Structures are given as C-alpha cells and as structure tokens.
Amino acid sequence: MKQSRPFLPYANEADVRHIGRLCIENRLDRITISGDLDLTADQRGLADARALQQLLNDVVAALESRTLPATLPPPGVNTVANPFGDTA
C-alpha cells in the first residue's frame with residue numbers, strides 16, 4: 001500500500017490517507033480517523049495492519065516532539081446562510 005508522498009501528521013489541512021475503508025484526515029491540530037477496517041488473517045490484513053501501525057507511530061512521534069496542552073477546545077463551527085434560499 002505505497003503512498004505517493006509522506007503523511008506528515010499535523011503538517012497541513014489537506015492530506016488524506018486510506019487504509020481499507022479507514023479514512024485518515026490530517027489537520028493542524030488533530031488527526032481524524034473514520035470508517036472501519038477489517039484486519040483479516042491474510043497478506044492484505046498484514047499489509048493494512050503494518051500501514052496503520054506506521055501511521056500511528058508517526059502520529060505518536062509527532063505528538064511526543066511537541067509541548068502539548070492538557071486538552072484542546074473543540075473545533076469551531078461556523079453557520080452559513082443556506083445558498084438555496086429558505087426551504088421551510
């Protein structure tokens with residue numbers, strides 16, 4: 001499961017990786033993981049497990065290299081006007 005460029009945790013708001021049906025999204029202050037992954041007892045399962053392990057090792061290393069706050073506030077939510085007009 002070779003990726004074209006490295007996934008550098010917390011480096012940008014653009015990188016996305018897929019392992020099985022897991023979606024790993026890079027953010028400046030968080031990594032979002034959604035979806036599901038079956039780690040099957042075969043070569044594909046082993047490859048997926050190794051890819052996930054490497055990605056998580058990179059995340060842990062990035063976190064360990066920083067001075068971290070106790071917690072982050074939840075991400076901001078912006079409400080925008082409905083571009084399609086009033087649908088009520």
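Bear in mind the structure is a predicted one, so any value in this text is a computation, not a measurement.
Between Asn26 atom CG and Asn12 atom CG the span is 5.0 Å, to the nearest 0.5 Å. Separating the CG atom in Leu56 from the CD1 atom in Ile33 is a distance of 5.5 Å, to the nearest 0.5 Å. For the atom pair Leu52 CG and Leu39 CG, the distance stands at 7.0 Å (nearest 0.5 Å). Rounding to the nearest 0.5 Å places NE2 of His18 at 13.0 Å from CG of Leu37.
Checked against salt bridge (charged side-chain N to carboxylate O under 4.0 Å, His left out), Arg27 has the following partners two or more places apart in sequence or in another chain: Glu13, Glu25. In this view, Leu8 and Pro6, Ala11 satisfy the side chain to side chain contact (heavy atoms under 4.5 Å, CB included) rule, not counting sequence neighbours.
In this structure, Val59 and Leu55 have side chains that are in contact, with non-hydrogen atoms separated by less than 4.5 Å. No side-chain heavy atom of Val16 sits less than 4.5 Å from a side-chain heavy atom of Ile24.
Other residues, nucleotides and ligands place more than 12 heavy atoms under 6.0 Å from the CZ atom of Arg66. Applying the 6.0 Å contact sphere to CZ of Arg30 captures more than 12 heavy atoms from other residues, nucleotides or ligands.
Note on Val60: it does not cluster hydrophobically with Leu72, by side-chain heavy-atom contacts below 4.5 Å among ILVMFWY residues.
Contact between Leu28 and Tyr10 at its shortest, heavy atoms only, is O-CB, 3.7 Å. Listed here is the closest heavy atom pair of Asp58 and Phe7: OD2-O, 4.5 Å.
Side-chain contact of Thr40 with Asp38: a donor-acceptor pair under 3.5 Å is absent, judged by distance alone. There is no side-chain donor-acceptor pair under 3.5 Å between Asn57 and Gln53.
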